[in-house]
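Worksheet: one structure, shown below.
In each ligand, atom 1 is the first atom listed, and ligand 1 is the first ligand listed. What you are looking at is a predicted structure, and each value in this text was computed from that prediction instead of being measured. In this chain, residues are counted from 1 in sequence order.
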Amino acid sequence: MKKRLVFASNNLGKLSEIRSFLEPLFEIVSLEGLGHLNEIPETGNTFRENAAIKANTISDKYGLDCFADDSGLLVDALGGAPGVLSARFAGEPTDFRANNRLLLEKLSLIKEENRTAMFITVIALRLGKNIYFFEGKILGSIALCERGRNGFGYDPLFVPQGFTKTFAEMESQNKNSISHRAMAVNKLVNFLKSGN
Ligand code: IMP
C-alpha cells in the first residue's frame with residue numbers, strides 16, 4: 001500500500017504538480033481531503049518558521065507525515081521586503097494587483113541596475129518526529145512596469161537573471177523548470193525517492 005503524505009495546502013496548482021511527481025510512491029492528501037478547513041496562521045518571522053508551523057500543526061493534530069511550503073519575494077532595495085509578507089504586502093485579503101502597484105510605487109526612484117530581487121521557497125517535511133527543510137531560490141530583478149499575463153502574484157514584475165522576459169511572459173512550463181518552487185520541490189522529491 002502507498003504511504004500517505006499530507007501536503008498542508010489547498011492550492012490546486014501546487015497540489016497537481018506535487019502529485020505528478022510523487023503519486024507513484026505516495027498518496028498525497030490535501031488539507032481539504034483531510035477535512036482540515038481552518039486556515040493555519042502564518043505567524044513566523046521567516047519562511048522556514050512558517051513552513052514548519054504548517055507542517056507541525058497538521059502532523060501533531062492528525063499524527064500523519066506532512067509537508068508544507070512557504071514562498072515569497074525579497075527585494076534588495078527594500079531591505080528584503082515584502083519577504084514573509086509577500087501575499088499581504090498591500091493588506092488583507094491578498095490582492096496581487098495592489099501588491100504589484102505598491103511594489104512599483106516603492107521602487108519608483110530606484111534605477112534599473114538596483115532593482116535586484118529574489119524569489120524563495122522553503123518546504124518543511126515532518127516525518128515522524130523529524131523535520132527536514134528544502135530550499136529553492138531564483139535571482140532576478142523587478143521590471144519598470146508589469147508585463148505578461150501568465151502565472152500569478154509578482155510574476156508580471158519578476159525578470160529572472162539571464163532572461164529578458166518576466167515570469168508572466170514565459171510559458172508556464174518554462175517558468176516551472178527554473179522557479180524557486182521547482183527547485184525546492186525537486187529536492188523534496190529526490191529525498192523522498194531516496195527512501196527516507
Ligand atoms: P506562497 O507561500 O507560495 O503562497 O506564496 C506567498 C506569496 O508570495 C504569494 O501570494 C505571492 O505574492 C508570492 N509568490 C510566491 N511565489 C511566487 C511566484 O512564483 N510568482 C509570483 N509570486 C509569488
For residues 50-81, the ring-ring contact (aromatic ring centres under 6.0 Å, His included) pairs (sequence neighbours left out) are Phe7-Phe67, His36-Tyr62

Does any N or O in the side chain of Ser59 come within less than 3.5 Å of the main-chain N or O of Leu64, such that one atom is a donor and the other an acceptor?
-> yes

Partner of His180 under ring pair (Phe, Tyr, Trp, His ring centres under 6.0 Å), picked from Phe119, Tyr154, Phe47, is Phe119

Across all chains, not counting sequence neighbours, the salt bridge (charged side-chain N to carboxylate O under 4.0 Å, His left out) partners of Glu27 are Arg4

Tell me, which residues have any heavy atom less than 4.0 Å from some atom of ligand 1?
-> Lys14, Asp70, Ser71, Gly72, Ser86, Ala87, Phe96, Phe119, Phe152, Gly153, Tyr154, Asp155, Lys175, His180, Arg181

Salt bridge (charged side-chain N to carboxylate O under 4.0 Å, His left out): which pairs involve residues 40-53, sequence neighbours left out?
-> Glu42-Lys54

Check against salt bridge (Lys or Arg N to Asp or Glu O under 4.0 Å), Asp60 and Arg126 = CA-CA 10 Å; Asp60 291 341; Arg126 247 297 284 275; 3.1 Å; yes

